[in-house]
Amino acid sequence: MAVEEEQPEKGFVKEIRKQSQDFPGWYNDVVRKAELADYSAVRGCMVIRPYGFALWENIRNALDALIKKTGHENWYFPMLIPLSFLQKEAEHVEGFAPEFALVTRGGGKELEEPLVLRPTSETLLATTLRDYVQSYRDLPVLTNQWNNVFRWELRTRLFLRTMEFLWQEGHTFHETSEEAEKEVYTMLECYRQIAEEWCAIPVIPGRKSEIEKFAGAQYSTAIEALMKDGKALQAATSHYFGENFTRAYDLTFTGRNNEKQYPHSTSWGMSTRIVGALIMVHGDESGIQMPPMVAPIQVVIVPIFRSEAERSQIAAALAPVLEDLSEIRLKQDWRDQRPGFKFSEWELKGVPVRIEVGPRDLARNEVTVVRRYDRAKEAIGLRDLGVRIPAMLKQIQDAMFARAMEFRTTNTVRLDSLPAMVEHFQRGSGFVLTPWCGSAEDELKVKELTGATTRVIPTGSVAPAAACAVCGKPAATEVIWAKAY
RNA sequence: CGGGGCGUAGCGUAGCCUGGUUUAACGCGCGUGGUUUGGGACCACGAGAACUCGGGUUCGAAUCCCGACGCCCCGACCA
């Protein structure tokens, strides 16, 4: 009951700041009050609580299945990496050095060489695979690992940027550049599927600019999503390294021509940040909204009763229903709280469907079903739930994606001049699509004038027959600009 | 790293300016008992804080002074 401001019309929320007035405050309240995650003893690190971790697990399981389906195998590499490994690739170390966390002591004495808590594992992969790859017959090597990484961040936010986070990092090594580049886009497509089909988050896949690419990559690709506050969030990335890392780490193979060659490598990752994206795309003034496919709890049953007799009546009536819904992630809430309290709490936590069962319902052999998506309420016969609930979950999943897509569409504009961009970004953000010549000076100029950066050059977009919106030279591509997380 | 703010019970705060009826208060939460239960219930009783840490001033410090540490916000930085 921390908030004194006037209640929203519906009067359902008491504990979270208003999304419309204080988006960052709202986000923070929702993450903590919905019991997804909390701060920890160390600044910038977080405790992921069971409800939040269950959400991550659902996303992870879906992605892990896709990764395996596309031919990759899970490995595990150590978290401690000798500092010298990181220092071998100049661009890479330059990009990451400020974020290193070093271990300098062990066993009570100073270490010969500091160890880095992995910020990412490219260097370790390339080094290790030297022992396993000799011939073109040993390629491709398609690896993935689920782990934690550390980056010493100055400003942190739960899920979006923490010093330690969970992700998967895939690393692959190929005989040819064609094969490696194909891999980059195969994995980007996997990420698109996870984001759009599982998390109901519309994304734009495409290529990052030179400035925005990963340190050490030839080029980077990403999927970009638009949050409800108009800011962009990179939801996953996939990089092409060419021979950059294999040369730097002297990973070679003997090719079909009997000559020593360097494999072409890639890496790609999706992190717990996707959880933050999901919250900021679907959440509203009442809290989170979980897309049914990844929701830790898809259906919650709130029994309403006054007496022991009513209680057992409800329990008895529910028994066959529970059998019909055995495929659903379902929770019964028999806690000793008033129903209204439970309604609010489950809405805050974003459970897609709530089933209310009380004496009035049972008298008609029905239950009251309420959708979190729009609070639509309807009576459904007890025997129909086994069919109606799965259909409803599917319908909610689709509706959530459609609504997010509509938001993105109405918040995407085409502009063709720098003054128009400056004027636009003074009012807010959203996606801004412009013709662009591709020069880094333009990016820096726009960033200085507006705070916005290039997010992505959409896959499949063609060079418009137009002048670059920033400098007026002939455009080489279309590009999306936005203020970003 | 620059600018600003804050450290008082599990959480959110009041008290501080103007030291002493403060035995540090209030709300939420927590425990027990009871009445309740279809949109965040109510009553009663109860547990819970040597006020971030270290110095100093003073007869007396949560309160004033100095220092340290931690956290938050803004900026810079940033897969």
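As the structure is a computational prediction, the values presented were derived from the model and not from experiment. Labels below follow one simple rule: chain letters A, B, ... track the order of the sequence lines, proteins then strands, and each chain is numbered from 1.
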Got a list of protein N/O to nucleotides 71-74 of chain B N/O distances below 3.5 Å?
residue : atom : partner  : partner atom : Å
B:rC74  : OP2  : A:Arg155 : NH2          : 2.2

message: Taking B:rA50 as the reference, what is the distance to B:rC66 when you measure between their C1' atoms (whole Å, please)?
response: 23 Å
message: We want to know whether A:Asn144 and A:Trp75 form a side-chain donor-acceptor pair, criterion being a heavy-atom distance below 3.5 angstrom.
response: no
task: Could you check whether A:Glu99 gets within reach of a base, just the sugar-phosphate, or nothing at all, counting any heavy atom under 4.0 Å?
output: sugar-phosphate
- prompt: Distance between the P atoms of B:rA24 and B:rC30, in whole angstroms?
  reply: 26 Å
- request: Name the closest nucleotide to the A:Ser344 side chain, picking from B:rA79, B:rG40, B:rU37.
  value: B:rG40
- prompt: If you write RNA chain B from 5' to 3' in dot-bracket form, with Watson-Crick or G-U pairs under 3.5 Å, [ ] for crossing pairs and | for pairs with another strand, what do you get?
  reply: ((((((((.[[[[.)....(....]]]].((((((.....)))))).....[[[[[..)....]]]]])))))))....
message: Could you work out, with side chain to side chain contact (heavy atoms under 4.5 Å, CB included) as the rule, every residue matching A:Thr162, not counting sequence neighbours?
response: A:Met46, A:Phe165
message: By the 4.0 Å heavy-atom rule, please label A:Pro119 as base, sugar-phosphate, or nothing.
response: nothing
- request: For A:Thr368, report the nucleic acid contact type (base, sugar-phosphate, nothing); a contact means any heavy atom under 4.0 Å.
  value: base
- prompt: Is a salt bridge present between A:Glu448 and A:Lys445, judged by a nitrogen-to-oxygen distance below 4.0 Å?
  reply: no
Touch class at under 4.0 angstrom, heavy-atom based, for A:Ser271 against every strand present: nothing
- prompt: Salt bridge between A:Glu89 and A:Arg247, side-chain N to carboxylate O under 4.0 Å?
  reply: no
